[in-house]
Peer 1: 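What follows is a structure written as structure tokens; I'll ask about it next.
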Amino acid sequence: MMSLWHGDGLDLSAYLGRLGLARRPAATVEGLRLLHRAHVTTIPFENLEIIVGRPVRLDLDSVQAKLVAERRGGYCFEHVTLFAAALEALGFRFTALTGRVTLGREAHTRPPTHALLVVEFADGSRHLCDVGFGRGPLEPLLLVDYAESDQDGWRFRLTSRPMDDVFGTRSWTAWQRGTDWTDRHVFTLNPQFPIDYAVGNHFVSTSPHSPFTARTYVQRFSEREHHTLDALTWTAETPDGTETVREVAAAEVPDLLADVFGIVLGSDDRRTVVERGALTSSRAV
């Protein structure tokens with residue numbers, strides 16, 4: 001049988017080592033939770049390839065070289081490509097999806113540019129894995145018509161409702177609680193394949209209408225804090241909604257990336273990020 005997500009080409013030992021996991025997780029709900037939590041708290045979200053002028057590649061060799069061997073991060077398409085390969089290698093059954101990032105906007109105005117996975121088990125349960133959003137969840141969310149989860153103080157929920165023919169028969173909206181509930185994205189269970197991610201990745205990484213071509217955007221999530229660098233604005237948030245916001249100088253960015261986000265750049269990339277780190281734009285899809 002064809003290995004759709006190329007799990008047979010993943011250096012699983014290196015990936016698990018990158019996550020700090022000494023043992024191979026079992027293909028169970030508990031194993032999935034362990035893997036998901038380790039992934040989202042270890043590998044950061046970042047768009048720095050775009051900022052320094054390189055293409056974002058989704059072939060597994062490129063993704064694991066960057067996110068595993070070079071200990072960099074990536075955005076959702078890269079994260080999910082790597083996570084899907086790991087799930088495949090570990091024997092999980094899953095379906096790839098795309099979502100429309102809403103964050104308060106109407107879903108029909110947003111393109112399907114967020115990558116997600118749903119893992120299915122023999123008991124019929126389905127679990128939403130969202131390893132590439134940059135701000136959690138720590139663990140998968142049970143895919144039912146309504147589910148709410150408190151994960152070390154970070155709160156998430158899923159709601160489902162019938163939709164019109166544009167979206168299919170039913171869609172789910174993921175929410176995140178800060179000081180209030182905020183919608184994150186809407187998605188259906190229409191299966192996606194690597195070629196679908198390639199199309200979305202091309203738009204996100206090259207379009208002048210993509211927010212990720214406009215400025216540096218980096219996130220690091222953990223049980224205790226969520227850090228964001230948006231152009232030159234550094235925000236740290238805790239599970240209770242407390243925020244600390246600081247404006248940084250462009251020259252500070254490379255060291256901030258290393259010290260807070262765990263991203264160590266080479267000298268050429270450090271120089272380019274400093275030169276382009278102040279780029280900001282209101283352009284957004």
Side-chain angles (χ1 to χ4, degrees), residues 3-27 31-92 94 96 114-117 119 129-140 194 197-198 200-201 204-205 212 216-223 227 229 254 257-270 273:
S3 176
L4 183 64
W5 297 94
H6 304 289
D8 53 353
L10 177 69
D11 185 340
L12 185 60
S13 295
Y15 171 67
L16 296 178
R18 168 81 161 109
L19 303 188
L21 297 179
R23 297 182 180 178
R24 176 189 179 110
L32 181 64
R33 289 173 180 158
L34 176 68
L35 190 71
H36 193 291
R37 180 180 284 257
H39 185 112
V40 300
T41 58
T42 301
I43 306 179
F45 181 106
E46 49 120 321
N47 70 332
L48 297 174
E49 293 297 276
I50 302 170
I51 299 304
V52 302
R54 288 193 293 267
V56 177
R57 303 189 186 279
L58 294 187
D59 62 282
L60 182 60
D61 286 346
S62 295
V63 170
Q64 65 180 332
K66 181 186 173 201
L67 276 65
V68 178
E70 298 172 20
R71 307 184 72 82
R72 288 275 305 282
Y75 56 37
C76 65
F77 291 116
E78 297 168 277
H79 278 273
V80 171
T81 295
L82 180 62
F83 198 70
L87 292 179
E88 199 173 67
L90 291 167
F92 287 92
F94 62 92
H114 182 52
L116 304 148
L117 297 168
V119 177
C129 295
D130 194 2
V131 297
F133 201 77
R135 55 184 88 169
L138 289 166
E139 297 179 355
Y197 285 177
N201 178 59
V204 170
S205 63
F212 295 144
T216 301
Y217 194 72
V218 186
Q219 298 181 89
R220 186 75 183 265
F221 187 72
S222 73
E223 291 87 349
H227 290 273
L229 179 65
L257 290 173
D259 296 342
V260 174
F261 297 92
I263 299 170
V264 179
L265 299 177
S267 58
D268 289 344
D269 286 353
R270 286 174 62 95
V273 165

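The structure displayed is predicted, hence computed values, not measured ones.
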Peer 1: Are R37 and E223 within salt-bridge range, i.e. N to O under 4.0 Å?
Peer 2: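 Judged by the 4.0 Å cut-off on N to carboxylate O distance, R37 and E223 do form a salt bridge.
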Peer 1: What heavy-atom pair brings S205 and V56 nearest, and what distance separates the two atoms?
Peer 2: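 Smallest interatomic distance, heavy atoms only, reads CB-CG2, 4.1 Å.
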Peer 1: Quick one: are I263 and R220 in side-chain contact, heavy atoms under 4.5 Å?
Peer 2: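 Not in contact.
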Peer 1: I'd like to check H39 versus Y15 (side-chain heavy atoms, cut-off strictly below 4.5 Å). Are they in contact?
Peer 2: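 SC-SC contact between H39 and Y15 confirmed.
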Peer 1: Quick one: CZ on F133 to CG on L116, what's the gap to the nearest 0.5 Å?
Peer 2: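 If I round to the nearest 0.5 Å, the distance is 9.0 Å.
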Peer 1: Is there a donor-acceptor pair closer than 3.5 Å between any side-chain N or O of E49 and the backbone N or O of G74?
Peer 2: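 No, E49 side chain to G74 backbone: no donor-acceptor pair under 3.5 Å.
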Peer 1: I want to check something: taking the side chain as every heavy atom from C-beta on, are I43 and L82 in contact at a cut-off of under 4.5 Å?
Peer 2: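 Contact flag for I43/L82 side chains = yes.
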Peer 1: Please confirm whether the ring centroid of F212 lies under 6.0 Å from the ring centroid of F45.
Peer 2: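 Under 6.0 Å, so yes.
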Peer 1: Would you check if there is a donor-acceptor pair between the side chains of H6 and D59 at a distance under 3.5 Å?
Peer 2: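 No, no side-chain donor-acceptor contact under 3.5 Å.
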Peer 1: Please check: side-chain N/O of Q64 versus main-chain N/O of D11, any donor-acceptor pairing under 3.5 Å?
Peer 2: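 At least one qualifying donor-acceptor pair exists.
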Peer 1: Quick one: OG on S62 to CD on E78, what's the gap to the nearest 0.5 Å?
Peer 2: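 Separation between the atoms: 9.5 Å.
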Peer 1: Would you name the heavy atoms of V68 and A14 that are closest together and state the gap between them?
Peer 2: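 Reported closest heavy-atom pair: CG1-O, 3.6 Å.
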Peer 1: I'd like to know if D269 and R54 make a salt bridge, using a cut-off of under 4.0 Å between side-chain N and carboxylate O.
Peer 2: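 Answer for the salt bridge query: yes.
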Peer 1: Please tell me if the side chains of L16 and L35 come closer than 4.5 Å, counting only heavy atoms from C-beta onward.
Peer 2: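 SC-SC contact between L16 and L35 confirmed.
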Peer 1: Which pair of heavy atoms, one from A115 and one from D130, lies closest together, and at what distance?
Peer 2: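 The pair with the smallest heavy-atom distance is O-OD1, 4.3 Å.
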Peer 1: Working to the nearest 0.5 angstrom, can you tell me the gap between H79 NE2 and C129 SG?
Peer 2: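 Separation between the atoms: 14.0 Å.
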Peer 1: Angle between ring planes, F94 versus W5, binned at 30° and 60°: parallel, tilted or perpendicular?
Peer 2: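 Ring orientation of F94 relative to W5: tilted.
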Peer 1: With side chains defined as the heavy atoms from C-beta onward, is the minimum distance between P25 and L90 less than 4.5 Å?
Peer 2: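 With C-beta onward as the side chain, the pair touches.
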Peer 1: So which atom in V131 and which in V40 form the shortest heavy-atom distance, rounded to 0.1 Å?
Peer 2: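 Shortest heavy-atom separation between V131 and V40 comes out as CA-CG1, 3.6 Å.
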Peer 1: Quick one: closest heavy-atom pair of E88 and S3, and the distance?
Peer 2: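 That closest heavy-atom pairing would be OE1-OG, 2.6 Å.
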Peer 1: Taking G73's backbone N and O only, do any of them form a donor-acceptor pair with K66's side chain (distance below 3.5 Å, no angle check)?
Peer 2: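 It does hold such a pair.
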Peer 1: Does any non-hydrogen side-chain atom of L229 lie less than 4.5 Å from one of V260?
Peer 2: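 In short, these two side chains do not touch, never coming nearer than 4.5 Å.
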Peer 1: Backbone N or O of L48 within a donor-acceptor pair of the E46 side chain at under 3.5 Å?
Peer 2: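 Yes, the answer is positive, given that a donor and an acceptor are paired below the 3.5 Å cut-off.
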Peer 1: What is the ring orientation for F83 with H36, classed by angle as parallel under 30°, tilted 30 to 60°, or perpendicular over 60°?
Peer 2: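 F83 and H36: perpendicular rings.
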Peer 1: Provide the closest heavy-atom pair for Y197 versus L58 in the form atom of the first, atom of the second, distance.
Peer 2: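 Smallest heavy-atom distance, with atoms named: O-CD1, 3.7 Å.
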Peer 1: For F261, check ring-ring contact (aromatic ring centres under 6.0 Å, His included) against everything at least two apart and list the hits.
Peer 2: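 Result, ring-ring contact (aromatic ring centres under 6.0 Å, His included) vs F261: none returned.
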Peer 1: Under the 3.5 angstrom rule, does the side chain of T81 hit a backbone N or O of F77 as a donor-acceptor pair?
Peer 2: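 Side chain of T81 to backbone of F77: a pair is present.
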Peer 1: Would you give the length of the straight line joining atom CG of L34 to atom CG of L19, rounded to the nearest 0.5 angstrom?
Peer 2: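 Spacing of CG (L34) from CG (L19) equals 9.0 Å.
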Peer 1: Do R18 side-chain atoms and L67 backbone N/O form a donor-acceptor pair below 3.5 Å?
Peer 2: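 A pair under 3.5 Å: yes.
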